[in-house]
Every structure is written in structure tokens, then in C-alpha cells.
Amino acid sequence: MPLLCGTGKRGRREIERSSPLLVKRNFKIIFKRKSEARNPKFETIPNDQISNVLNKGVKRIWILKIRICFEFRYSDFEFEPFTMDLKERLRQLSSISKVPVASIEEETGDLKERLDRLLRPEKVFRKRELYPIEKLVNGKIVSASEGETFRAEEYFPPDFRYGEMTLSEIHNIPTYPAHLLSGDERLKEIDFKKALFLDTETTGLSGGTGTLAFMVGLGFFQGDGFVVQQLFMRDYSEEKASLSILQDILNSYQFLVTFNGRHYDIPLLETRMILSRKRSQIREMPNFDLLFPSRKIWKGAYENCRLVTLESRLLGMEREEDIPSEWIPSLYFDYIQTGDARKIHRVFYHNRMDILTMVALAGRIHLVYHDPQAARPRKGVEHFSLGRLFWDHGDREKAIPCFEIALKRCDDELAWEVMKWLSMAFKKTGQGEKAHSLWHEMMEWPYRKDAYPYIEAAKYYEHRLKEFEKAIEYVDQALTLISFHRERDVELLLERKKRLLKKKVGNESR
DNA sequence: AGGGAACTGACGTTGGAGCT
DNA sequence: AGCTCCAACGTCAGTTCCCT
């Protein structure tokens, strides 16, 4: 009877996809009968009871890989699925490890010992010698007072183009008011020449003391070009050296540029610094976190505001050999376990691309904010967001043209909201007539959504034109459109009508 | 998965402006 | 002086989003 095996929640999902055998450090194996696939029930079976299970008639098992994991993770190796007897599989494994097998009964009874033998240290060292990181990634071993670590380095010339601007164009961006986009006054005059772009790769998302940043990617302008340096821990013991070098580099820059670094990379690095008993001002450094301005400008324009989404959809860039970020912890654990750097180079590529995307994104944000018309936002929604941003910043001259362009370019779904904002902008800048004509346009709009133009027109006729009868007409129309669930709004409209009737009577009696 | 800021929507409060 | 309107701001609870 074939079985599917795995551990933990994540394991269950993976099993349903590819049915690997996964083993935790405590060597409990979880079995699921294939016949229960519709409503899987997983049970934990300690390895010392495996033989009992096998004796109960469970004879066949799906095995893709057996491995010891520090933490659970998905195997990225590809194997041909096969079905065979467990005893037969263990016999084969024993022949690979060239360790004599006393008896099959012994093997099934002491799985832990078998796995230990399969992963003997000398095997790991052999791979580390064969495929060291230094040979596969462009970089070198660097020293600090606490020890050594690996540092990769890549240079990008000034004419290198990632997105719509060259690095040289981004380098030459004058300071721009990033404080308005980030809420941090210290970024009033951010200068990319003095900024350090930072992105980490970590062993997970959990945060706390269990997660560490095994790679810290740093990007900065040097001369006219751009350099990406990546500090990489070849072993957990290299963390102190890595953090020490990072701290030295941080001391040379005034600003940090990150993507969600404010809530992810920086707190994590700060925790690691504290655990390494290092003083660090990383949290105090002015940080231009690109996530927040990106959300303000492009929220709603694309399916989400993740860095990779903005990279492909906004900047039009595609990565050639990228990996999903959720694979990264697993690839690093493999590297630590085997010393084989043949796969980890993809993490270097991923990190490098993240940093280049941040640079391009910072350039794009500058472009649309500095001169939205010249930046030619691609979508109406982008103009709309920019308009609201300028409006919030009190820049009405820039806001209104953005709304007007947005209205021409957006779809019917968004047009209603754009018209609301544009009419409100006209009203508040003393352009009552323009607002008035827009409310009328809204009243004729086939995709009308609410009573907004009628309520606004009622206010306009009551307070500006003093035409109370006309105002009452608009209130009545608003009452027919407003949902009766919105009791408060109905109540307000009824009060308005009552007041207008009083004013009308007063007017007529004069 | 964990953390936490930002966002959203509903509701209440406050204060300035204009009118009677 | 007192009233009304309106916009801006505050609070709260629940939700969304992003990083590996």
C-alpha cells in the first residue's frame, strides 16, 4: 500500500504536490495513507516504532529523499518518484554510503544512525572543497577583527540601464523631498550619492532570535558607476565578522534606502547586532523606505506592491534565473549542510536584482514626483494617486492636472472616484463653476455609484447661489439614491431638507 | 509563518467662518 | 451672542500588506 510521508503543516502541502519523505531532527516520520487523500489524517510515528508500523501490513512507501533537517524545509532536489519496499530502499542507500549493513532488521530499527552515516562530515568537506563559494561567485574572503567572511562584489557602469533610467541619470538626481513621501524630516535633502541601498536575505520570516541575515546586500554609487557588495556568511560562525564589516560600511553613509526595511531588514539586523554585543545606530539612521511611497503611488495600479511586481509591471524588467524568495532559507540550509555552493549563487543573483530594482524604483519615484507629466505615468490610476499625494502635500497646482489626466485615462470603475476628487479640488480652490459642471457630468454618468454629486450640488445651491428650491430638488434626488442602510446619511439629508424648506419660506415671505 | 505600520471605515469632537 | 455648517482631526477596532 503506497504511503505519503512528511512533517508539519508545510510538509503536508508539499507532500500533496510531490510526496517526498521528509525527516525532522527528532526523526519522527509522519505517514499518510494514500487512500485517505481526500481527507488526509497525519500521524506521527517515532522511528523506533516504524518497524511496528511495517509489521502491521504497511509494506510500500514513496521516498524521494531522506535528509536530516535543522528545521523542516522542502527539498529542492529533483528525483524520479518511485515505489519500492522500504527495506529495499534502505539497502540501496546503504550501498551508496558504502557502509556495511549488518542486517535489514537493524537498519529499519535505527534510522537515525543510518542517516548520520549518510551525512558523514567527510562527505560535506569533500563537497566544500569541490564547489566552494569563492570559485562560483565573484568575490573574496575578507577579514575583520572577529574573523573572516565572504564578500561578493559586482560593478555596474554608469550607462547600465535597469528600468527606464541609466545609473548615471539616477546618480545625478538632485536632492528631492523624500521627507514628504516618508514622513521623516531628516530625508528632506536625501542625496543618492550618500545613500546605501540595503537588502538582506535571511533564514526565514519569523523574526526574533532564531532568524539571521546570512546575506547583506549593499549598493552604493562609486565614481559614476554603481557597486553591489554582498556580505555572505559561509557558516553561522562568520556572523560577527560579517556584522562588523557591515557596521564599518554603515558608518560611511548618511542615508539608507530599503524596501520594507523599516519593519524587516533593519529590526532584524539590529537584533543580530545586539546578540553579537555590537553597538549599532542602524535603527537611528535616516531610512528612505521605498515601500510606503510605492504604495501611495501605485496601490491599485497593479495586483500588489511587492518589489518583484513593481519591477516587472512598472519598470518592465524580467529576471532571467530568479528563484522565489521562499526558497532562499532552504537553499542556505543546504549550503550550510553540504558546503556545496552550486545553488546558492542564485541567491546572490536574487539579492543583486533586488538592490538594482530599488535603485530603479527610487529613480522612478523621483521622476513621477518631480515632474509627473514628463514621467508619463502609464495608467490613469497612477496619475490619480499622484494627484492625491500632491493634494495631501498641499501642492494644489500639481494635483489638479493629475486628476484631469487621470480622468481621461482611467477606466469607468475608477472615473467616479477621480471625478469626486477633481470636483472637490475645484470647490476648494474657488472654482465653483467647474465643480458644478463636473457634478452635473457625474449626474449623467452611466456608472453612477452614490448620491455625492446631488449632495454637493445641494450645498452649492444653498450656500453659494441661494437657490433653495433647486437645492431641495437635489436633496430629494439624493434621497432616492442613498441606501436606506445608511441611516445617518439619510438623517442628515432630511435635516438639510427641513432647513432648506424653512429658508425657502423665509425667502418667499420677504 | 511573525511583526507591526499603514490603511479603512465609522463615529465623535473641535474650531473657524458666516449668517441672523 | 448664538446658531449652523463644514472641514479637519482624533479615536478605535479590524484588516491588509510586506519582508525571507
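In what follows, chains carry the letters A, B, and so on, assigned in the order in which the sequence lines appear, proteins first and then strands, with residues in each chain numbered from 1.
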Residues that [X] engages under salt bridge (Lys or Arg N to Asp or Glu O under 4.0 Å), provided they are two or more places apart:
| X | result |
| --- | --- |
| A:Glu239 | A:Arg272 |
| A:Arg346 | none |
| A:Asp354 | A:Arg319 |
| A:Lys194 | none |

field: Degree of bending, the helix from B:dA1-C:dT20 to B:dT20-C:dA1 (end axes from five pairs; round to 10°)
entry: 30°
- prompt: Are A:Arg306 and A:Glu311 within salt-bridge range, i.e. N to O under 4.0 Å?
  reply: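 Judged by the 4.0 Å cut-off on N to carboxylate O distance, A:Arg306 and A:Glu311 do not form a salt bridge.
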Rounding to a whole Å, what distance do you find between [X]:[atom1] and [N]:[atom2]?
| X | N | atom1 | atom2 | result |
| --- | --- | --- | --- | --- |
| A:Ile455 | C:dA7 | CD1 | C1' | 16 Å |
| A:Lys459 | B:dA17 | NZ | C1' | 15 Å |
| A:Tyr460 | C:dC6 | OH | C1' | 17 Å |
| A:Asp289 | C:dC17 | CG | P | 17 Å |
| A:Ile266 | B:dA5 | CD1 | P | 13 Å |
| A:Tyr302 | C:dT16 | OH | P | 23 Å |
| A:Asn287 | B:dA5 | CG | P | 14 Å |

query: Distance check: side-chain N/O of A:Lys296 vs OP1/OP2 of C:dC17, anything under 4.0 Å?
result: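 Negative; the distance criterion is not met.
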- prompt: Closest heavy-atom contact between A:Met358 and A:Phe259?
  reply: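 Nearest pair, atom of A:Met358 first, then A:Phe259: SD-N, 3.4 Å.
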- request: Please identify each residue that fulfils ring pair (Phe, Tyr, Trp, His ring centres under 6.0 Å) with A:His366, with sequence neighbours left out.
  value: A:Tyr176, A:His370
message: Run the ring pair (Phe, Tyr, Trp, His ring centres under 6.0 Å) test against A:Tyr460 and tell me which residues pass, sequence neighbours left out.
response: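 Here the qualifying residues are A:His436, A:Trp439.
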Every protein N/O lying under 3.5 Å from an N/O of nucleotides 18-20 of chain C:
| from | atom 1 | to | atom 2 | distance (Å) |
| --- | --- | --- | --- | --- |
| C:dC18 | OP1 | A:Cys305 | N | 2.4 |
| C:dC18 | OP1 | A:Arg306 | N | 3.4 |
| C:dC18 | O4' | A:Arg295 | NH2 | 3.4 |
| C:dC18 | O2 | A:Asn260 | ND2 | 3.4 |
| C:dC19 | OP1 | A:Leu307 | N | 2.9 |
| C:dC19 | OP2 | A:Arg306 | NE | 3.1 |
| C:dC19 | O4' | A:Asn260 | ND2 | 3.1 |
| C:dT20 | OP1 | A:Asp199 | OD1 | 3.3 |
| C:dT20 | OP1 | A:Asp354 | OD2 | 3.4 |
| C:dT20 | O4' | A:Tyr264 | OH | 3.2 |
| C:dT20 | O3' | A:Glu201 | OE1 | 2.8 |
| C:dT20 | O3' | A:Thr202 | N | 3.2 |
| C:dT20 | O2 | A:Leu205 | N | 3.4 |

- prompt: Restricting to pairs with a member in residues 429-442 of chain A, which pass salt bridge (Lys or Arg N to Asp or Glu O under 4.0 Å), not counting sequence neighbours?
  reply: none
